[in-house]
Amino acid sequence: MELLPSEAAAPISRKQGFRSLKLVSTDMNQLLSDQPVGVDFGTLDNGLRYYVRCNSKPRMRAALALAVRVGSVLEEEDERGVAHIVEHLAFSATKRYNNHDIVKFLESIGAEFGACQNAVTSSDDTVYELLVPVDKPELLSQAISILAEFSSEIRVSKDDLEKERGAVMEEYRGSRNATGRLQDAHWTLLMEGSKYAERLPIGLEKVIRTVSPETVRHFYKKWYHLCNMAVIAVGSVVELIKVHFGQKIPAPDPPPIPTFQVPSHDDPRFSCFVESEAAGSAVMISYKMPANELKNTSADVLVRPVKTNIITSSCRGKGTLEALESMLTEVARVRLHGFSEREVSIVRALLMSEIESAYLERDQVQSTSLRDEYLQHFLHNEPVVGIEYEAQLQKTLLPHISALEVSKYSEKLRTSCSCVIKTMEPRAFAVFDDLKNVVKKVNLLEEEGGISLWDDDHIPEEIVTTKPNMGHVVKELEYSNIGATELILSNGMRICYKRTDFLDDQVIFTGYSYGGLSELPESEYFSCSMGPTIAGEIGVFGYRPSVLMDMLAGKRAEVGTKIGAYMRTFYGDCSPSDLETGLQLVYQLFTTNLTPDEENVKIVMQMAEEAVCAQDRDPYTAFTNRVKELNYGNSYFFRPIKKCDLQKVDPLEACEYFSKCFRDPSAFTVVIVGNIDPTIALPLILQYLGGIPKPPEPIMHFNRDDLKGLPFTFPTAIHREVVRSPMVEAQCLVQICFPVELKNGTMVEEIHFVGFLSKLLETKIMQVLRFKHGQIYSVGVSVFLGGNKPSRTGIVRGDISINFSCDPEISSKLVDIALDEMLRLQDEGPTEQDVSTVLEIEQRAHENGLQENYYWLDRILHSYQSRVYSGDVGTSFEIQGEGRSKVRSSLTPSTAQLALQRILPYPCKKQYTAVILMPKSSPFKFLKSVFQSTRINGGREAKILAGIAGLAVLALSLWRHSRSGHINSRHLLGSATK
C-alpha cells in the first residue's frame with residue numbers, strides 16, 4: 001500500500017474501532033499529497049480557492065472563513081498597522097452594508113460579535129470567520145455574500161476610518177501591558193535581521209492615530225486579490241460560493257506576494273529583559289529552523305519561512321541563571337545518554353491516546369476545528385490526509401520510533417542552531433555575560449562527558465493497589481425528562497448519570513458537597529485556604545504528581561478539586577475506556593491521608609510568596625482590591641493575601657482540612673454525563689465510588705440552609721472613585737457595578753431575567769461606546785449572585801457589573817455615557833429589534849449547548865442546587881426549563897423595561913459604584929528604568945512546533961527532572977484581532 005491514501009481503497013467503516021484499524025505499508029521518503037482529503041476543493045476561474053465539507057457538529061450550523069494571504073509583513077513604514085485596520089473596517093462598512101450593519105446581522109442570527117471572535121490579523125495573513133445557522137437558507141447566502149464583500153468591497157472613507165480609530169487604538173493600548181511587552185521583545189529578538197521584526201500586526205500608535213484613508217485604501221487595493229484568497233466552509237455551500245464570488249473579475253496583474261526570509265545564525269542571541277510589572281521570572285530558549293525542513297509531516301509555523309521549538313521555565317526571583325543551566329543541561333543530557341525506552345514509551349502512549357480519541361470522534365468534531373485544518377492547508381500548505389488515514393499512519397509508525405531516533409532530535413536543539421536565549425525578570429539580576437557563561441559552562445560539561453545519566457523513578461503499576469469492597473445500590477430512580485438515572489449508594493453517595501452520544505470519547509463528572517471556607521473562623525482561614533495548593537504539590541491521589549503523570553501515560557483521565565466559600569467540588573474528564581482510571585482517582589482522593597513534608601511545603605510557600613510579590617507589581621491589583629473592598633466589604637475573606645498572612649499558615653492544619661473536605665462520601669452528589677455504557681460503568685461506580693468507606697461519624701455534613709454566609713454589603717448610595725497605580729505604559733480600566741436583589745416568589749424566572757438583561761446591556765453599551773462613539777474595543781457585563789449563602793429561602797443578593805478599558809482621558813465621560821444608556825433603557829425600554837437580537841443569541845447558544853456534555857452537566861447540577869430542589873431532580877429540572885420558556889415567551893420591550901427597573905436600582909444613577917484605574921503618573925518617567933535590556937526588543941509571542949516526538953519527550957523529561965522551576969512548552973503566536 002502506498003504512503004498516500006488511495007482513492008481506490010475501500011473506505012474504512014465508520015463503526016470500526018481504532019484498535020482494529022489495519023496498518024499501512026510506508027515509504028518514509030515519499031511526500032504527502034498537496035491535495036487535501038475529505039473536502040470539495042477547487043479554484044474558480046477568477047483565482048479564488050474554496051474548501052467545502054459537510055459536518056454534523058454542531059447541528060444546523062455552518063463554519064465559514066475567508067482566508068487572505070495578506071498580513072502585516074507586507075506593510076511599508078507608513079502603513080504599520082494598516083492590515084489590521086482593514087480587518088476592522090470590514091465589519092464597519094462595505095459597498096452594500098453601512099454603519100456596522102454586518103455586526104447587527106451577525107447578532108440578529110445569534111452569531112455574537114466581540115473581541116477575537118470574528119477575525120484575526122497576523123504577520124502573514126488575515127482570516128475572517130463566521131459561524132451561522134443554516135435553518136434558514138437565506139441567512140447562509142447572506143453570510144457568504146458578506147465574505148464576498150470583504151474580498152473586494154470594504155469601504156474606506158474618512159468617516160469610516162475616524163469611527164474605527166478609537167477601537168483599534170484601545171486594542172493597541174490593551175496590548176501594551178507587561179505580557180504584551182514581553183511578547184513583543186521576544187518576537188523582535190527571534191526575527192532579528194528580517195522584516196518580520198518590525199511588522200507587529202497591531203502596528204504603531206502614530207500610524208493608528210494619523211494614517212489617511214488614501215493609504216489604507218491603497219494597501220487594500222494593492223494586496224486584496226482573489227488569487228490570494230480562499231473560502232473555507234464546513235457546510236453545503238459550493239453553489240453559493242460560485243454565485244457570490246464567481247462573478248467577481250480579477251485584477252489584470254496583481255503583484256505577487258513576496259517572501260521575507262528570517263536569517264539563521266550560528267551564535268546564540270541573548271537578551272536580559274527587565275519588566276517591572278512581570279508576574280515573575282522566566283527563561284525562554286528558542287531554536288529556529290526552516291518551515292519546509294520536514295516535508296513529509298505537518299508542523300505549526302511561526303511565520304511563513306520559519307518554525308520554532310521553544311522551551312520555557314518559570315522560576316523564583318534571582319533564579320534565572322540556575323533555571324537556564326538546568327534547561328541546557330537536560331538537553332545536553334539527552335545528547336549524551338539519550339532517552340530511556342521507558343521515557344519514549346510513555347510519550348508514545350500519550351500520542352497514541354490522542355490519535356485514538358481524534359479517530360473515535362471523527363464524525364463529531366466541531367465544524368470550527370475542521371475549518372481551521374483547511375485554513376492551515378491554504379495558508380501554510382500543511383498536508384490534510386484525513387483522520388482515518390492519519391490514525392492508520394500513526395498506529396503504524398509510532399511503535400517503531402525508537403529511543404535512539406527520538407534522542408537524535410536533540411542535535412537540532414544546540415545553541416549553535418539559530419538559538420535565542422532570553423531571561424525575563426521584574427528586577428535586574430542576570431546580565432548578558434552571565435548568560436554566555438552559563439552556555440559555555442554547560443557546553444564544556446557536555447564535551448567532557450560531565451553530565452550523568454538520570455536514575456529512573458519507580459513507577460507503580462496500579463493506582464489502587466487493593467480493590468475496595470464493592471458497594472451496592474440502595475435506591476434507583478429514572479428521570480425520563482432528563483434522560484438520567486439516579487442512584488443512592490450504600491455509603492450514602494448520590495449518583496446521577498446521563499448517557500449521551502455527542503462525543504464518543506468523553507465522559508465528564510462533577511461531585512459536590514455543601515460547606516466550605518465560609519464556615520472557618522479567621523484564625524483558621526489562611527491555613528485552610530492553602531490546603532489545595534499544598535496538597536497539590538504533595539499529591540492528592542496518593543502519589544507525587546510527576547510519578548502519577550507517568551502512571552497515567554496513554555490514559556485520558558484527569559481529576560481536579562476546588563474548595564469554595566460554600567461548596568467543595570471534585571471534577572473529572574476521561575475517555576469511556578479510561579472511566580475506571582478516573583473513578584480510581586476519585587477513590588484515592590477520598591482515602592489518601594495527606595502528610596506535609598518539609599521540602600514540598602518549602603516549595604509551595606516559596607511559590608505563594610512569589611505570587612504575592614507578583615500581585616504587588618501588577619498595576620491591576622490595587623484596582624481589583626479596591627473593587628472588592630468597596631462592593632463586598634473589608635472581610636478577611638475578600639482581602640488580598642499578604643506576606644504576613646503566609647506566615648500564619650500551618651501546613652499540617654492545611655492538609656488535615658483538605659483531607660476532611662473529601663472524606664465522607666455520604667455528603668456528596670455526583671453527576672456523570674457522556675458516552676456511558678451502564679453495563680460497564682455501573683460496576684465501576686459501585687467498586688470505586690460505592691467502595692469509598694463511610695466514616696463512623698459524619699464529617700463536614702452541612703445543611704445548605706444553615707451555612708454561614710459571607711459578610712456581604714453593597715454601598716447604599718453613589719460611589720465613584722479613581723484608583724491610581726504606577727504603570728510602565730498608561731492603562732485604564734473601568735468597572736460600573738449595580739446591586740441586585742431577587743425576591744423569593746419568582747426566583748427561577750428572575751434568575752433567567754438577569755441572564756437576558758445582562759446580554760441586553762452588553763449589546764446596547766457596545767453599540768453606544770464602540771459603534772456610535774468609537775472609543776472602546778469591547779465591553780463585558782458579568783453577573784454575581786453569590787452574595788448570600790445558598791439557602792432555599794430569603795433574598796438572593798449580588799451585582800451586575802459593566803467592564804471596559806479605554807483612554808484614561810475620557811474614562812469618566814464614558815462612564816456617564818454608559819449610565820445614560822442604562823437609564824434610557826429603564827425609562828424608554830429597548831426596541832423590538834433589541835429584544836429579538838437577545839432572544840436569538842440566547843436561543844442559538846441554547847441549541848449549541850444541547851449538543852454538549854458540559855451543558856447538560858451544568859443543567860443537571862443547577863437542578864440539584866436550585867432553590868426549588870426538594871429531593872426530586874426531575875421536577876427541579878422541569879421547573880428550570882419552564883422558567884426559561886416563560887421568560888422567553890414574555891420578553892418584550894415593555895417587560896424588559898420593567899425587569900430593568902425591578903432588578904436594578906431605579907433610576908440606575910441613584911445607587912452604583914464606579915471605579916476607574918488610572919496611571920499614577922506619566923508613563924514616560926518609567927520607560928528609562930524599566931527597559932533595562934541588553935537589547936530593545938518588540939514583537940509577539942512565537943508559536944511552537946507541535947507534534948514532534950523528540951520535543952514532546954524532551955519537554956516531559958525536563959518537567960520531571962528539573963527542580964529549578966516549572967518547565968513546559970507553550971504555543972505562542974502573535975496576532976491582532978478584530
Side-chain angles (χ1 to χ4, degrees), residues 13-21 353 356-364 462-464 466-511 552 554-559 570-590 665 668-694 850-857 859-861 863-864 873-874 877:
S13 171
R14 294 195 176 277
K15 294 183 179 179
Q16 186 179 23
F18 176 81
R19 288 172 175 80
S20 61
L21 276 176
S353 176
E356 179 178 7
S357 179
Y359 174 77
L360 292 174
E361 295 178 349
R362 62 196 183 280
D363 294 328
Q364 301 159 322
E462 300 290 338
I463 295 174
V464 178
T466 303
K467 285 193 175 182
N469 295 324
M470 184 178 287
H472 61 273
V473 177
V474 174
K475 185 178 181 180
E476 180 173 346
L477 294 170
E478 297 289 338
Y479 296 104
S480 58
N481 61 329
I482 308 177
T485 302
E486 183 182 82
L487 310 173
I488 305 298
L489 304 186
S490 50
N491 61 3
M493 183 176 275
R494 184 188 305 269
I495 309 291
C496 179
Y497 67 85
K498 176 180 173 62
R499 186 178 189 176
T500 69
D501 59 0
F502 308 133
L503 290 173
D504 285 344
D505 198 45
Q506 185 181 68
V507 176
I508 56 176
F509 54 86
T510 295
L552 295 177
K555 300 180 183 295
R556 201 178 70 75
E558 55 183 341
V559 175
F570 66 83
Y571 49 89
D573 186 337
C574 64
S575 170
S577 60
D578 295 320
L579 177 60
E580 181 173 12
T581 301
L583 298 182
Q584 285 178 336
L585 293 174
V586 176
Y587 175 82
Q588 289 291 106
L589 171 66
F590 275 79
F668 280 81
T669 295
V670 183
V671 178
I672 308 173
V673 176
N675 185 21
I676 304 166
D677 182 347
T679 61
I680 297 174
L682 187 55
L684 298 176
I685 290 171
L686 295 179
Q687 181 84 70
Y688 297 108
L689 299 186
I692 298 172
K694 182 179 179 179
L850 291 176
Q851 305 170 54
E852 302 292 339
N853 287 325
Y854 277 105
Y855 187 78
W856 280 99
L857 180 73
R859 287 189 70 188
I860 297 172
L861 284 170
S863 297
Y864 274 110
V873 72
F877 182 88

Minimum side-chain heavy-atom gap [X]-[Y] below 4.5 Å:
| X | Y | result |
| --- | --- | --- |
| L489 | L689 | yes |
| V586 | Y688 | no |
| I495 | M493 | yes |
| D573 | Q506 | yes |
| V673 | L857 | yes |
| I672 | K498 | no |
| L583 | Q588 | no |
| L503 | N675 | no |

So, taking the atom named [atom1] in [X] and the one named [atom2] in [Y], what distance separates them when rounded to the nearest 0.5 Å?
| X | Y | atom1 | atom2 | result |
| --- | --- | --- | --- | --- |
| I482 | W856 | CD1 | CH2 | 8.0 Å |
| I692 | F590 | CD1 | CZ | 5.0 Å |
| I680 | E580 | CD1 | CD | 11.0 Å |
| S357 | R556 | OG | CZ | 5.0 Å |

Open item on the list: According to salt bridge (Lys or Arg N to Asp or Glu O under 4.0 Å), who are the partners of D578, at least two apart in sequence or on a separate chain?
Closed with: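 In terms of salt bridge (Lys or Arg N to Asp or Glu O under 4.0 Å), with neighbours along the sequence ignored, D578 is linked to no residue.
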
Task: Counterpart residues, salt bridge (Lys or Arg N to Asp or Glu O under 4.0 Å), relative to E356 (two or more places apart) - done: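 With sequence neighbours excluded, E356 shows a salt bridge (Lys or Arg N to Asp or Glu O under 4.0 Å) to R19, given in chain and number order.
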
Residues in ring-ring contact (aromatic ring centres under 6.0 Å, His included) contact with [X], at least two apart in sequence or another chain:
| X | result |
| --- | --- |
| Y864 | Y869 |
| Y479 | none |
| Y497 | none |

TODO: Kindly determine whether E852 and T500 satisfy side chain to side chain contact (heavy atoms under 4.5 Å, CB included), including the steps that lead there.
DONE: CA-CA 9 Å; E852 302 292 339; T500 69; over 6 Å; no

Atom of [X], atom of [Y] and distance for their closest heavy-atom approach:
| X | Y | result |
| --- | --- | --- |
| G471 | S490 | CA-OG, 3.5 Å |
| P678 | P683 | O-CD, 3.9 Å |
| D504 | L360 | OD2-O, 3.2 Å |
| F877 | R859 | CZ-NH2, 3.3 Å |
| P693 | P665 | O-CD, 3.6 Å |
| S575 | D505 | OG-OD1, 2.5 Å |

Task: Inter- and intrachain pairs under salt bridge (charged side-chain N to carboxylate O under 4.0 Å, His left out), touching residues 469-486, at least two apart - done: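 Residue pairs with at least one partner in residues 469-486: E486-R494.
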
TODO: Would you check if the side chain of N469 reaches a backbone N or O of G691 as a donor-acceptor pair within less than 3.5 Å?
DONE: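 Judged by distance alone, no pair lies under 3.5 Å.
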
Task: N491 side chain vs H472 backbone, donor-acceptor pair below 3.5 Å - done: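 It does not hold such a pair.
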
- [ ] Could you walk me through whether T485 and L477 pass side chain to side chain contact (heavy atoms under 4.5 Å, CB included), step by step?
- [x] CA-CA 6 Å; T485 302; L477 294 170; over 6 Å; no

TODO: Report the C-alpha separation of C496 and I860 in whole Å, then their side-chain angles, then the decisive distance to 0.1 Å, and conclude whether the side chain to side chain contact (heavy atoms under 4.5 Å, CB included) test is met.
DONE: CA-CA 9 Å; C496 179; I860 297 172; 4.1 Å; yes

- [ ] Please work out which of the three classes, parallel, tilted or perpendicular, describes the rings of F668 and F570, given edges at 30° and 60°.
- [x]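 It falls in the tilted class, 30° to 60°.
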
TODO: Report the C-alpha distance between L579 and I685 in whole Å, list the side-chain angles of each, state the deciding distance to 0.1 Å, and finish with yes or no for side chain to side chain contact (heavy atoms under 4.5 Å, CB included).
DONE: CA-CA 9 Å; L579 177 60; I685 290 171; 5.6 Å; no

